Amino acid sequence: MSDSWQGPGAWDPQGASTGSGWGQQAWPSEQGQQPYRAAQQGRQQPYPAQDAQQQPYQGHPQEQHAHAHPPQQHVYAHPPQQVHQADPQAELAEPQATAEHAEVPEAPEAPAAPAAPEAEAVAAAEVEAEAETSGSRRQARRRARGKDGARSGARGGARPRRRRRAGLVKVVAFCVVTALGGLLLLRGNELLDRLGPSTAPDKAAGTPTPAPEPPDPGRVLQVIAHPDDDLYFMNPDLRYSISAGSPVTSVYLTSGEADGINAGSAKAATTKPDKPAYAEARQNGIRAAYAKMATGDRGSPWTRTVVPTKGGGHAEVDVLVAKPQVNLVWLQLREAGTVYDNAPNSLHGLWDGKVPRLDSMLASGTPVTQKFSYSKDQVVQTLVGILEQYRPTTVRSQDPTPGRYPDTKRYTDHQDHFYGARFVQLATAAYAKDVTDRPHFAVQNYAGYINGSLPSALDPDEAKEKLDILGTYAWLDRQNHCNSPAGCGDLKISDQPGGNRWSDSINYARGTSTDWLTSDAQQGLWAFKVLDGQVAVWHRAGPAGRWKGPDLLPGTGMDPGVSTVTLKDGRIAVFGTRTSFGVKPTDYKREVVHVVQKQPGAEEFTEWQSLGTPETADENWTSDISAPAVSVDGTGQLAAYVRDGAAGLRGRVQQADGSWGPWEKYGGTDLHGSPATATDGTGRRMVFAATSKSVVGWTQPTPGAPLGQVTATGLPDTTLPLTADGREGGVRLWFRKPGSGNVRTALITGEGGLKVSQMTDLGGLQGFGSVTASGHVLAGRTAGGQLGSEAGSGRPWERSPLMFVGAPSSTMTGKSLVSLAVVGLDARLYVTSSADVPNAHLAPWQPVGPRNAPPSLPSPVSPPPASSPSPASPASPASGPGSAAP
């Protein structure tokens with residue numbers, strides 16, 4: 001893959017002037033690029049991203065979209081070089097010896113036995129046998145041991161020496177077996193990938209063991225419609241990534257010029273409209289907000305430059321001097337100016353062919369001096385060029401199918417948001433298909449305005465941090481720290497920086513399933529995630545085999561998030577949704593698809609089979625169907641369920657001959673997110689869905705029977721999403737407490753109708769999003785974006801520095817081991833395990849496969865010192881946005 005944006009010229013990474021860049025223009029260092037400082041005169045600013053919510057709107061509260069930009073200072077150096085600099089996190093996990101996790105006083109001196117598959121298989125069997133012993137007997141033995149592992153005289157009493165020695169041998173054997181069991185998942189690529197203690201001595205060799213491979217923090221690229229969509233809908237994930245040192249680039253499609261009035265409600269009527277100036281003010285606010293997130297100083301300087309794009313226009317690129325891995329890319333296209341009304345000169349109009357080209361809307365003060373316009377294909381090519389330049393491992397985008405309100409049929413999100421996300425879908429598909437010299441990448445979609453109608457997902461401290469960043473963007477203090485006549489932030493949202501409760505929440509539109517990791521009858525493990533628009537498969541054969549993958553199944557267009565289910569004959573089936581694009585705009589379609597293993601344990605799968613969609617046309621509900629929830633009941637009957645665009649439950653059931661019945665309507669209203677399903681101890685299937693107020697459910701009266709009527713559970717309001725697992729004779733649900741992040745659970749039984757019991761608050765680490773549960777292990781995202789886990793009831797929650805995409809997943813491996821996995825921001829699989837016994841711990845995390853990086857990356861180039869260049873002069877009227885670009 002080329003290091004350039006594939007414009008009409010090749011970019012020279014060393015800064016040689018070759019008529020290059022993202023097109024033919026030289027990079028900032030070749031143009032005498034100047035640092036952007038808050039206090040300087042003649043400041044240059046990038047295009048403001050569009051936002052039709054900058055002015056008050058009538059209708060649903062979600063449509064009153066206000067965003068604020070805190071002023072920032074930019075100094076730009078070669079973005080590809082800075083952005084690909086992957087500063088590793090300080091650690092992936094505390095370097096604890098595996099033996100420590102199993103409560104052995106010291107790590108085994110020469111763990112030769114676990115290196116052999118036979119020994120590990122034996123260890124697994126011993127773990128399972130030991131797990132069936134009395135928990136009270138084990139606890140008594142633990143209390144009887146002293147710090148050195150021996151029994152004290154007081155507790156040992158007058159027991160015979162032979163019995164005391166036998167008891168000690170059994171205790172030590174159990175601990176060692178537990179330690180070996182914890183390593184069963186960690187065998188693959190162990191010489192290259194093992195993440196163990198970095199300083200533990202090798203007693204056999206007398207030398208320290210090699211340091212573990214440093215984790216890759218990944219490279220994040222966000223594409224958003226307007227400046228502040230990232231602050232409202234992708235934070236706190238954005239702040240977490242910046243804090244972790246991940247290279248982060250945010251791409252703003254539009255300038256967000258709205259009506260050009262940068263004022264609160266009290267002064268809006270007396271403020272003269274100025275669209276370029278308002279666009280500049282929003283850019284100033286975004287720079288300030290990012291500078292504050294990255295450095296704590298909203299006035300931290302930036303460098304700013306003009307770069308030709310692969311689509312034939314020009315973009316402004318800003319690089320934060322103090323943290324050059326933080327980049328902003330301003331494409332500066334015209335915004336729609338309305339949430340849902342017809343606006344041909346918009347991303348929506350361009351997508352539908354109502355206009356052949358969409359014009360630029362240049363912010364005042366931007367270094368871009370030529371106006372330009374893009375066709376639909378040129379917008380896609382521009383985004384492909386950005387992907388080529390930055391080579392992200394995680395792509396964040398808004399929701400391409402947010403749906404409509406059932407009563408008014410108006411969009412539940414801004415049309416710029418979801419049509420912008422559809423351009424991202426086209427661009428990532430083209431990038432994955434045409435560019436081979438690149439890393440794998442995962443995609444995460446974010447819900448938009450609908451967050452204001454859902455229970456708050458963030459705890460008060462996290463919500464306050466998010467609101468504080470929005471306050472910086474909104475320029476609440478009115479201090480002229482950016483020295484700009486346009487203003488240092490977005491005053492439209494200054495009356496209510498939190499928007500319609502958007503600062504209280506964050507919700508993923510896709511990728512919330514927690515059943516993408518599964519095991520087979522031979523205790524092998526299978527992981528399925530969407531990378532590069534295809535389903536990636538990782539496989540470990542048996543309890544001690546080597547990991548393989550990721551291998552991409554044929555078939556493109558897969559949406560983030562898949563679910564797995566084991567069929568009655570032992571084969572694994574994988575379900576997801578697929579987006580397809582036709583020749584006509586109305587050909588856009590999302591459908592449910594699945595593949596099945598050809599034989600149990602085989603690495604060959606069938607071709608993707610489509611179950612279609614309950615939505616007949618994109619025009620009706622914008623193809624708004626959820627990811628499918630799938631389960632097999634006690635008769636072996638397979639069924640798949642989705643939430644449809646009208647916020648009800650729909651499903652298809654497989655018949656005895658293998659064919660599928662029609663999409664059935666099961667009722668329900670005000671459903672959000674994706675449904676969850678599991679079977680109870682009798683094989684009776686249950687399905688659950690969250691509403692904005694509670695949880696509703698359906699159950700089969702007997703296995704094989706149709707689902708019954710929708711039933712209110714009486715549970716309190718919950719945040720999205722739900723996790724369901726069959727256990728204790730019923731189905732147990734896990735969900736989050738609104739405004740807290742604590743994990744809650746309840747047991748649902750189906751005999752004589754749905755009944756709820758054992759509602760319990762399990763605590764947690766104030767996180768949000770999906771919770772996975774298998775055996776005694778619970779895990780989910782915590783505040784800070786890391787993985788939090790609880791390895792037993794009443795145990796304190798622990799935090800791992802691992803940051804990840806979407807949701808974690810877990811499964812039982814055999815009878816006595818729990819396997820847990822995530823896909824990191826580097827789009828790489830990480831696994832761990834724990835013996836399913838009291839007082840167990842997670843083993844160190846194990847990365848699977850090679851590091852996810854392209855063969856070569858541009859060498860980092862440091863930006864010029866903030867104090868060395870003189871202030872850049874603003875674009876003069878003569879050279880400003882007047883003439884059309886070639």
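Because the structure is predicted, anything quoted here is derived from the model rather than measured.
At least one side-chain heavy atom of Leu762 sits under 4.5 Å from a side-chain heavy atom of Trp734. Contact of the Phe575 side chain with the Leu638 side chain is registered, since non-hydrogen atoms from C-beta on lie closer than 4.5 Å. Phe605 has its side chain within reach of Leu553: a pair of non-hydrogen atoms, C-beta onward, lies under 4.5 Å apart.
Counting only distance, with no hydrogens or angles, the side chain of Ser810 and the backbone of Leu820 share no donor-acceptor pair below 3.5 Å. Side-chain atoms of Thr760 come within 3.5 Å of backbone N or O of Gln758 as a donor-acceptor pair. In terms of modelled atom types and a separation under 3.5 Å, the side chain of Thr564 and the main chain of Val574 share no donor-acceptor contact. At distances below 3.5 Å, not a single donor-acceptor pair connects side-chain atoms of Ser816 with backbone N or O atoms of Ala835. Side-chain N or O atoms of Gln523 include none that pairs as donor or acceptor with a backbone N or O of Gly542 at under 3.5 Å. Looking only at distances, a side-chain donor or acceptor of Arg799 sits under 3.5 Å from a matching main-chain atom of Ala783.
Side chains of Thr393 and Asn852: a donor-acceptor N/O pair is absent below 3.5 angstrom, by distance only. Residues Thr772 and Ser809 bring no donor and acceptor atom of their side chains to less than 3.5 Å of each other.
The distance from atom CZ of Arg744 to atom CG of Leu733, rounded to the nearest 0.5 Å, is 13.0 Å. In this structure, the separation between CG on Leu552 and CD on Gln534 is 4.5 Å, given to the nearest 0.5 Å. We find the OG-CH2 distance between Ser833 and Trp845 to be 10.0 Å, quoted to the nearest 0.5 Å. To the nearest 0.5 Å, the span separating NZ on Lys548 from CZ on Arg540 amounts to 14.5 Å. In this structure, CD in Gln766 is found 9.5 Å from CZ in Arg736, a value given to the nearest 0.5 Å. If you take OG on Ser774 and CG on Asp725, they are separated by 6.0 Å, rounding to the nearest 0.5 Å.
Glu462 approaches Gly784 most closely through the heavy-atom pair OE1-N, 4.2 Å.
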Chi angles and distances behind the side chain to side chain donor-acceptor pair (under 3.5 Å) call for Arg685, Thr679: CA-CA 4 Å; Arg685 178 185 294 117; Thr679 55; over 6 Å; no

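Ring orientation note: the planes of His539 and Trp526 are close to parallel, at an angle under 30° on the 30°/60° scale.
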